[in-house]
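Heads up: the structure comes next, in structure tokens.
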Amino acid sequence: MQHDEVIWQVIRHKHCSYMAKIETGIFCRNQYNVTGICNRSSCPLANSRYATIRDHDGVFYLYMKTIERAHMPNNLWERIKLPRNYEQALEMIDKHLLYWPKLLQHKVKQRLTKMTQMRIRMRKLALKTREVIVPMPRRQMKREQRREDKAEKAALLDKAIETELLTRLKTGIYNDIYNYPEPLFNKILDDGKEIVKEVEEEDEEVGVIEYVEGDDELEEEMEDMEDFSGFPSKESYLEDSDDEDEDDAEEQVVIHKKGRALKKSDDNGKSKKKSRVVVEVEQEDGGTRASLKSLKL
Amino acid sequence: MGFKRKKGDGDGEEMESDGRGKPSFNGGGQRHVILPSMIKNKDKRSKVYAKQKHEKKLEKQKKIRERDAAEKRALELGEEPPQKQIPKTIENTRESDETVCRPDDEELFADIDADEFNPVLRREVTPKILITTCRFNSTRGPAFISELLSVIPNSHYQKRGTYDLKKIVEYATKKDFTSLIVVHTNRREPDALLIIGLPNGPTAHFKLSNLVLRKDIKNHGNPTSHEPELVLNNFTTRLGNRVGRFFQSLFPPDPNFRGRRVVTFHNQRDFIFFRHHRYIFDTKEIKPSDKGKDGVAQERVKPRLQECGPRFTLKLVTLQHGTFDTKGGEFEWVHKPEMDTSRRRFFL
């Protein structure tokens, strides 16, 4: 004898293992429940005639239970495989649930719809590549960081790179590059090429070699420091007058004799630094020198 | 709580008689070392331990003193000082690996001839790189990418959009790119680098760490657009060799030495350090050495480096044979945590 009402009273008011109460409502965890809500009409335990749809590996089955089989729990549920096509499945449900309560039919069809939609979406997602979230155990991260720091210290990167570059240099692949090696570079410059920046240095070197002795002689001769005031201005045009050196070579000698006093002072100043400059200054007009002098001083 | 002394236990190091913690002698008259952990009495145990430590320390000091004295004596007498001991480092004591490349390995050369980087490395194809990001880009991502664009010649950047990575690979192959670099961001920092060789080249997934951008480096230089020189250090094993060649395939094979740019991938203990420098050679005078060998000041050539460009560290996570395919691909090498158990075992 079926006593659904009694069962329902007991379940609802006393205890049901499948019931799950959440803030939004009361749900039923029973696998055979059509709607998933704990209701008098949706409870599979409290309804002798019941139907559901369940999904097994992407195939939908219609499950039905009737009073006639209530005493045989073994064969309680009748299972029918539904076709994959949605419309055909609906027709099949109609056929089997003919003369069943309207509510049940409606709910079963709703469930079928929902499940087909889910099936479509799951299939689509499975085709896409999804980003996987991977856990990063903190201890391992820390260990890696520690090892990395030690490896960096052990690596001595700058030194390694420098030694590698040096070995490559020694094999000679850089030999046709103009900016190395420096002594060679300077030597080429000494031979007469004029590159603006380099010339100064070159002049210094060459000047030193050529003129040191000469200056010494002059220094010994000179005793007055009269013309010493002219010194700073002359230095100022050392750089400018570079080009004129060679041109005015001949004139140098002449002026040398004439403007000896001046020259001496110049020499004095220059012998400290760049003696060659002395010559340059002499070649230029006294006028220019004077003007520069006024500028400087 | 002692344990029964076995007959065969002649030079057994741990011997305890009746839990008293006293030294016991076997028939041969050898002294046995007492492990302090076997003594149950805390007071006694701590005393024994302290004493053992002290003895060890004294022994060590004695050895050092002897060594120093021997060296000094030898120097005074003008003889060769005894050979200095080489300290053990992790690199010295690295576990021997059978996959280390030997210089005369036929199989290695055959492999190299048949691998995917050949077209680029043999100058048949010029490398063309496509750089992109993961779907969400972050604070430091764009800056890092712009620096990468300046480091790697012939590289292009494209925004990710929501394309599937496989689709991007197809697109890149169609447009004749030779490599694809994906910069992956996590927690607002670039976190991983996925380098995919094209058309069917290997996929390497690297973990990126310790990123320092150019603007954060003191006295940084600005790179030019000359082709850089490559320095690949310490890639010893077969796997390391493969990874090294992979990096090589990203850069054009003919460096322009006039540009004096060098890009370094230095492998140390499986961490690959990336550096980007400009260099110049200087001649420096070194003072006469103290040992009195040369009285003349010599000129030595020394390279000077100026760092430009980003600085970061890479660690290989996986290396896959074909292009990006996590589900169906054939992985050549995957990092597993159990590989980290030994401190002296490295794979690159």
Side-chain angles (χ1 to χ4, degrees), chain A residues 124-189 197-198 201 205, chain B residues 89-91 134-136 164-167 184 186-187 191 207 209-210 229-234 255-260 262-264 266-277 279-283 299-305 307 311 313-315 317 324-327 337 340 343 346:
Chain A
K124 262 197 219 165
L125 276 182
L127 289 174
K128 279 191 182 180
T129 48
R130 310 207 67 202
E131 289 184 348
V132 178
I133 297 182
V134 177
M136 301 170 71
R138 202 170 295 167
R139 252 192 224 141
Q140 288 193 13
M141 295 296 113
K142 279 198 162 175
R143 197 193 325 146
E144 291 265 330
Q145 185 59 36
R146 227 183 300 135
R147 286 189 183 174
E148 188 192 315
D149 293 333
K150 290 189 184 171
E152 187 158 1
K153 281 186 206 148
L156 300 173
L157 284 161
D158 285 343
K159 204 170 171 192
I161 299 176
E162 284 173 8
T163 37
E164 175 67 30
L165 287 175
L166 266 183
T167 40
R168 287 191 187 178
L169 179 69
K170 284 182 181 143
T171 61
I173 44 183
Y174 299 141
N175 276 344
D176 45 343
I177 306 302
Y178 70 93
N179 50 10
Y180 171 77
E182 232 182 67
L184 207 69
F185 189 37
N186 285 336
K187 186 169 158 245
I188 293 171
L189 289 174
K197 286 183 187 169
E198 262 53 49
E201 298 161 45
E205 290 172 57
Chain B
T89 62
I90 293 185
E91 282 78 25
C134 63
R135 278 171 235 240
F136 304 104
D164 235 8
L165 199 50
K166 294 193 186 174
K167 293 266 171 62
H184 193 276
N186 186 13
R187 284 208 187 158
D191 201 29
K207 189 158 59 117
S209 46
N210 274 9
E229 253 183 270
L230 270 187
V231 170
L232 299 163
N233 274 344
N234 270 349
N256 186 344
F257 295 119
R258 280 171 186 263
R260 289 183 275 131
V262 59
V263 166
T264 310
H266 181 105
N267 172 36
Q268 187 84 15
R269 302 183 193 172
D270 281 356
F271 289 98
I272 303 173
F273 296 99
F274 172 91
R275 297 287 185 271
H276 178 209
H277 293 278
Y279 65 91
I280 188 170
F281 288 103
D282 270 348
T283 47
E299 280 197 345
R300 193 191 276 178
V301 178
K302 204 172 185 269
R304 260 192 312 128
L305 300 172
E307 183 146 9
R311 178 203 289 185
T313 326
L314 297 173
K315 185 160 204 271
V317 176
F324 182 73
D325 187 356
T326 33
K327 291 182 204 157
D340 286 339
R343 288 186 210 184
F346 308 113

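First the proteins, then the strands, lettered A, B, ... as listed; each starts at 1. Predicted model, so just to flag it, every value in this text is computed and none were measured.
- If you measure heavy-atom distances from A/L157 to chain B, the contacts under 4.5 Å come from the side chain alone.
- Listed for the B/N234 side chain is a donor-acceptor partner under 3.5 Å among the backbone atoms of B/N267.
- Inspection of the A/E148 and B/S209 side chains reveals an N or O donor paired with an N or O acceptor under 3.5 Å.
- Salt bridge annotation for B/D191-B/K207: absent, with no cationic side-chain nitrogen under 4.0 angstrom from a carboxylate oxygen.
- Heavy-atom distances place both the backbone and the side chain of A/E152 under 4.5 Å from chain B.
- No donor-acceptor pair closer than 3.5 Å links the side chain of B/D164 to the backbone N or O of B/K166.
- With a threshold of 4.5 angstrom between heavy atoms, A/E164 approaches chain B through side-chain atoms but not through N, CA, C or O.
- Contacts between A/Q140 and chain B at a heavy-atom distance below 4.5 Å involve the side chain alone, from C-beta outward.
- For B/K302 and B/D282, the salt-bridge test fails: no basic side-chain N is under 4.0 Å from an acidic carboxylate O.
- Under the 4.0 Å criterion applied to side-chain N and carboxylate O atoms, B/E229 and A/R168 are assigned as salt-bridge partners.
- Here B/N210 is the residue among B/I90, B/N210, B/D270 with the most heavy-atom pairs under 4.5 Å with chain A.
- Contact of A/K128 with chain B is made through the backbone alone, with heavy-atom distances under 4.5 Å.
- Contacts of B/D340 with chain A are made by both backbone and side-chain atoms, with heavy-atom separations under 4.5 Å.
- When heavy atoms are compared at a cutoff of 4.5 Å, B/N186 approaches chain A solely by way of its side chain, counted from C-beta outward.
- Looking at A/R147, both its backbone and its side chain come within 4.5 Å of chain B, counting heavy atoms on both sides.
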Subject >> Pair B/L305-A/I161, side-chain contact (heavy atoms from CB on, under 4.5 Å): steps then yes or no >> reply: CA-CA 9 Å; B/L305 300 172; A/I161 299 176; 4.1 Å; yes
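- Interface residue B/E91: only side-chain heavy atoms are found under 4.5 Å from chain A.
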